[in-house]
Amino acid sequence: MPDSKKTIALVNATGRQAASVIRTVTAVGWSVRAQVYSSEGLVAEELADLPNVTLFEGSLLDNPVLIDTIFDGVQVAFINTNPLAGDEIKIGKALANAAKKRNVQHFIYSSMPDHSIHNPNWPTLPLWACKFAVENYIRQLGLPATFVYAGIYNNNFTSLPYPLFCLDFQDDGSIEWRAPFHPDTKLPWLDAEHDVGPAVLQILLDGPKRWNGHRIALAFENLTPIQVCKAAERAIGRPCHYVFDPKIEIKVPVPSGYRQQLATLEVLFGKYNAPYFPGPEFTFNARRKGSNDTIGPKNSASSHESQSRTPNGRSNSLGGAKLGKLTDEARSLWEGYRGLEEYFREVFPVEEEANGKTWMA
Ligand code: NAD
């Protein structure tokens with residue numbers, strides 16, 4: 001019988017995406033060769049204790065020896081780069097070159113879109129477009145590859161005063177979420193720690209025959225900001241209000257690259273109400289096939305799933321959209337996902353407590 005247990009290369013292993021993959025593949029007996037920026041810390045120590053995991057500590061930028069070492073003897077790879085590490089295009093290309101040299105059989109790359117190629121009005125999000133540039137490079141190399149597009153992580157939400165996903169606990173006991181996303185426009189959601197691993201394992205088990213060249217939305221729910229607040233309200237037991245605010249208030253120090261990303265988000269989503277994932281692969285017409293999604297939006301004309309958009313960003317009536325739902329592929333890969341309501345009920349209070357918050361007491 002052929003040995004179905006593979007060895008996989010990963011980078012940024014302590015990040016939420018890669019750590020989820022490592023936990024899942026080691027649970028089914030695969031071996032892991034993974035880069036970490038530091039072998040200290042809870043997650044690095046947890047991963048190092050898993051069976052058949054070898055961690056390599058060091059920076060990826062201009063480090064061909066480390067990159068080559070990670071790919072030594074692996075058959076498959078899951079690659080998610082991280083802006084904190086430096087030039088993501090340079091790092092991404094170096095990783096793809098090393099995989100090509102080692103004849104990696106299936107390279108899963110965690111990509112993100114460049115909105116500007118879909119509409120001349122839409123600006124390029126700098127921290128996403130670099131990933132898209134690497135995706136194009138991987139395609140040119142001819143690596144057998146699949147491109148996953150991660151939805152917004154459930155655990156971006158925090159009551160700490162970070163920009164964009166702050167659930168702000170008010171004096172009257174209610175919660176307020178203020179962001180530049182239009183209140184009735186659906187957004188893709190993902191519990192990265194819980195669900196990236198099982199979905200990526202299934203893509204790898206299916207292999208490039210099934211998924212070569214595909215873009216897959218790693219999003220298990222597609223909910224409007226108002227629906228998100230309703231889920232938080234049900235789970236946490238406090239009123240939760242959404243406030244559309246085209247300006248993102250920055251109350252804590254953030255890296256300059258992230259500041260530019262936030263300013264661009266204001267324009268892309270606040271001004272133009274662009275779909276989170278643009279392009280034909282991600283534009284669906286749910287009404288033609290019936291609904292497996294959660295609650296429908298009040299204003300379905302603003303639903304990403306029930307419209308297509310003209311090049312000037314306005315929607316037209318369903319022409320050209322794919323059948324089904326944005327969440328179909330992710331749910332077909334992995335049925336046991338954790339939705340936002342469960343996240344808010346089970347995990348959010350624990351993370352808040354770890355951050356020193358006492359509202360749940
Ligand atoms: P993460 O944010 O969970 O972890 C960040 C990692 O960076 C940690 O492993 C940390 O040890 C490491 N790190 C800290 N300081 C560093 C430094 N100076 N140099 C290098 N590394 C350092 O990671 P993740 O979520 O798995 O991956 C991040 C990527 O995912 C980003 O490119 C982000 O754009 C993308 N992404 C995020 C979301 C989201 O909703 N948060 C959605 C889609 C894509």
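Start at 1 and go down the list; that is how both ligands and their atoms are numbered.
- Residue Tyr153 has at least one nitrogen or oxygen atom sitting less than 3.5 Å from a nitrogen or oxygen atom of ligand 1, judged on distance alone.
- For a threshold of 3.5 Å applied to N or O pairs, the pair formed by Pro83 and ligand 1 contains no separation below that value.
- Under a 4.0 angstrom heavy-atom cut-off, Gly151 registers as being in contact with ligand 1.
- Nearest protein heavy-atom contact of atom 23 (O) of ligand 1 is Gly15 CA, 3.4 Å.
- When Asn82, Val11, Leu164, Asn156 are ranked by how near their heavy atoms come to atom 41 (N) of ligand 1, first place goes to Asn156.
- When only non-hydrogen protein atoms are considered, atom 6 (C) of ligand 1 lies nearest to Asn12 OD1, 3.3 Å.
- The protein heavy-atom contact nearest to atom 8 (C) of ligand 1 is Thr14 OG1, 3.7 Å.
- You'll find the ring centres of Phe244 and His182 inside the 6.0 Å limit.
- The six-membered or imidazole ring of Trp128 lies near that of Tyr276, with a centre-to-centre distance under 6.0 Å.
- Given atom 2 (O) of ligand 1, the protein heavy atom at minimum distance is Arg16 NH2, 3.2 Å.
- Of the protein's heavy atoms, Leu84 O, 3.3 Å lies nearest to atom 19 (N) of ligand 1.
- Numbered from 1 in the order shown, with element, the atoms of ligand 1 that lie under 4.0 Å from a heavy atom of Gln17 read 26 (O), 30 (O), 44 (C).
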Item to check | Criterion salt bridge (Lys or Arg N to Asp or Glu O under 4.0 Å) on Lys230 and Glu341, from CA distance to verdict | outcome: CA-CA 9 Å; Lys230 291 221 176 323; Glu341 184 171 340; over 6 Å; no

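- For Trp359 and Phe348, the ring centers are positioned less than 6.0 Å apart.
- Under 4.0 Å from ligand 1, the heavy atoms of Tyr37 that appear belong solely to its side chain.
- The shortest contact between atom 32 (O) of ligand 1 and any protein heavy atom is with Lys131 NZ, 2.7 Å.
- A centroid separation of 6.0 Å or more is found between the aromatic rings of Phe165 and Tyr153.
- Put simply, the side chain of Arg139 gets close to the backbone of Gly213: a donor and an acceptor are under 3.5 Å apart.
- Heavy atoms of Leu190 come nearer than 4.0 angstrom to ligand 1 in no pair at all.
- Contact check for Leu223 versus Trp189: side-chain heavy atoms found under the 4.5 Å cut-off.
- Closest to atom 43 (C) of ligand 1, if we only count protein heavy atoms, is Ala150 O, 3.4 Å.
- Annotation: atom 28 (C) of ligand 1 to nearest protein heavy atom, Asn80 ND2, 3.9 Å.
- Within the 4.5 Å cutoff, side-chain heavy atoms of Val228 are placed close to those of Phe157.
- Checking each of Leu60, Val134, Leu61, Thr81 against Glu88 for a side chain to side chain contact (heavy atoms under 4.5 Å, CB included) leaves exactly one that passes, namely Thr81.
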Checklist entry - Can Phe181 and Tyr242 be said to form a ring-ring contact (aromatic ring centres under 6.0 Å, His included), step by step? => result CA-CA 10 Å; Phe181 303 114; Tyr242 182 69; 7.8 Å; no

